[in-house]
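Notes follow the structure.
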Protein chains: 2
Amino acid sequence: MTTTPAPDSAMEGLREEDYLRLDQQICFSLHAASRAFGGLYRVILKDLGLTYPQYLVMLVLWEHGELPVKKVGEHLRLDSGTLSPLLKRLETAGLVRRERSARDERSVLVGLTDEGVALREQALRVPRRISAATGFDVAEILDLRSRLDKLTDALDAAALEETPDHE
Amino acid sequence: MTTTPAPDSAMEGLREEDYLRLDQQICFSLHAASRAFGGLYRVILKDLGLTYPQYLVMLVLWEHGELPVKKVGEHLRLDSGTLSPLLKRLETAGLVRRERSARDERSVLVGLTDEGVALREQALRVPRRISAATGFDVAEILDLRSRLDKLTDALDAAALEETPDHE
DNA sequence: CGCCATTCAGTTGTGCACAATTTAATTGTG
DNA sequence: CACAATTAAATTGTGCACAACTGAATGGCG
């Protein structure tokens with residue numbers, strides 16, 4: 001229980017009740033925004049036959065080519081428990097190919113099939129539609145992105161601190 | 001993680017390929033931030049025996065008291081498909097009580113048990129820990145919240161436009 | 001060299017999100 | 001009043017997220 005109090009100058013006058021309401025606001029907002037994004041992607045990606053997380057995996061493969069499952073997971077912050085069934089579905093859909101690495105038999109290399117490579121052409125029109133849907137210009141998007149990344153780093157660090165078996 | 005690539009002032013000069021990369025950045029960031037938040041809440045809420053979505057439901061009930069399932073769903077943007085099993089688990093945990101409305105037999109009223117009311121005392125210390133973990137002050141949180149809400153509204157409107165059966 | 005801790009992918013189990021459907025109650029309209 | 005349309009909750013089915021665990025392969029170290 002070694003929580004750093006982080007004395008915020010502006011929070012002095014707030015009671016715990018106010019915190020509870022403020023907290024409600026921020027977690028509601030983030031939760032809602034995340035799901036709204038997922039909802040729009042769901043509609044737009046329906047033509048491609050991809051879900052939102054599947055689209056993220058395809059983006060990684062389009063950019064980096066063949067990768068071991070581990071590396072894909074590092075790019076997306078996902079573990080094998082999520083990726084294994086997801087990749088199996090992409091393989092069933094014919095977009096992705098999986099094979100054991102010869103160099104390291106523990107590792108499985110994930111690569112694109114011809115069909116997977118071809119799908120990139122369809123995907124190229126997705127970002128413009130998403131971008132237009134946000135109503136934000138590039139500067140706003142970049143600014144929001146940097147704030148979210150900063151938030152993510154802080155939250156990850158804090159979660160690590162809070163974890164009981166953290167020595 | 002990676003630094004901002006070529007912060008061009010306008011979208012004019014961007015090709016579709018650039019869009020695809022930019023898009024990757026923003027959807028990665030939002031996805032990651034959302035899950036980082038979930039991860040921290042998971043750690044902090046473990047003491048209370050609540051998941052993050054369950055905590056959101058409890059916040060609504062602490063603030064508004066007894067409500068029909070429909071109203072809870074409106075506050076959280078969730079439907080009965082998500083809420084029914086979630087509320088059943090809260091009921092099993094002894095925090096929540098469900099009963100058919102006498103006025104409208106279709107409706108089910110969700111209320112807090114004594115135990116559910118009592119849990120609020122434990123929950124009061126959660127927001128301060130979350131807030132401290134973000135490393136953001138109140139002004140930053142409020143600013144981020146308003147941007148996210150604006151984004152959510154835009155995305156919802158766009159998803160509606162994109163829906164095929166939208167007249 | 002041989003053993004053991006580590007690493008990687010996969011599996012299992014729990015819970016959330018959401019679409020589509022089902023059932024029952026209510027409301028609106030002729 | 002009767003009956004069709006609507007509404008509320010629950011159920012079913014798919015997919016994602018993550019913790020905990022399994023099993024196989026690897027690499028380090030005595």
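Proteins come first, then strands; the chains are lettered A, B, ... in the order of their sequence lines, and each starts at number 1. Atoms considered below: every heavy atom in the structure, side chains included; atoms not considered: hydrogens, waters and symmetry mates.
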Minimum side-chain heavy-atom gap B:Val69-B:Arg98 below 4.5 Å: no
Sub-6.0 Å ring centroid separation between A:His31 and B:Tyr52: yes
Whole-Å gap separating C1' (D:dA9) and CG (B:Leu78): 14 Å
CG-NE2 distance between A:Leu56 and A:His75, expressed to the nearest 0.5 angstrom: 12.5 Å
Closest-nucleotide ordering on DNA chain C, the 5'-leading residue of A:Thr82 and B:Thr82: A:Thr82
Residue pair A:Ser107 / A:Ser101, side-chain donor-acceptor N/O under 3.5 Å: no
Length of the line joining B:Leu56:CG and C:dA17:P, which is rounded to integer Å: 8 Å
Note, A:Pro53 side chain near A:Leu86 side chain (heavy atom, < 4.5 Å): yes
Nearest-angstrom distance from the residue atom CG of B:Leu40 to P of D:dA17: 19 Å
A:Arg42 vs C:dA17: side-chain N/O to OP1/OP2 distance below 4.0 Å: no
Close residues, residues 100-113 of chain B, relative to DNA chain D [heavy-atom separation under 4.0 Å]: B:Arg106, B:Ser107, B:Val108
Nearest listed nucleotide, side chain of A:Pro53, among D:dA17, D:dA9, C:dG15: D:dA17
Spacing between B:Glu91 atom CD and D:dA10 atom C1', to the nearest angstrom: 13 Å
Atom-to-atom span, CZ of B:Arg98 to C1' of D:dA9 - whole angstrom: 9 Å
B:Arg128 side, atom CZ; B:Ile44 side, atom CD1 - distance, nearest 0.5 Å: 13.0 Å
Rounded distance (Å) that lies between atom P of D:dC18 and atom NZ of B:Lys46: 14 Å
Between C1' of C:dA19 and OH of A:Tyr52, the distance in whole Å: 19 Å
Sugar-phosphate, base or nothing in reach of B:Thr51, heavy atoms under 4.0 Å: sugar-phosphate
Side chain of A:Lys70 (C-beta onward), nearest among D:dC18, C:dA19, C:dA9: C:dA9
Proximity to DNA chain C (any heavy atom under 4.0 Å), residues of residues 28-38 of chain A only: A:His31, A:Arg35
Inter-residue atom distance B:Leu30.CG - A:Tyr41.OH, 0.5 Å rounding: 9.0 Å
Atom pair CD1 (B:Ile130) and CZ (B:Phe136), whose distance is rounded to the nearest 0.5 Å: 13.5 Å
Phosphate OP1/OP2 of D:dT14 contacted by A:Lys88 side-chain N/O (<4.0 Å): no
Check ion pair A:Arg147-B:Glu140 (N to O, under 4.0 angstrom): no
Partner nucleotide, any strand, of C:dA9 [Watson-Crick/G-U, under 3.5 Å]: D:dT22
Between P of C:dC8 and NZ of A:Lys71, the distance in whole Å: 9 Å
Validation row: B:Pro68, B:Val110 side chains within 4.5 angstrom (heavy atoms): no
Sugar-phosphate, base or nothing in reach of B:Pro85, heavy atoms under 4.0 Å: nothing
Sugar-phosphate, base or nothing in reach of A:Leu86, heavy atoms under 4.0 Å: sugar-phosphate
Distance test, side-chain N/O of B:Ser80 to OP1/OP2 of D:dA9, below 4.0 Å: no
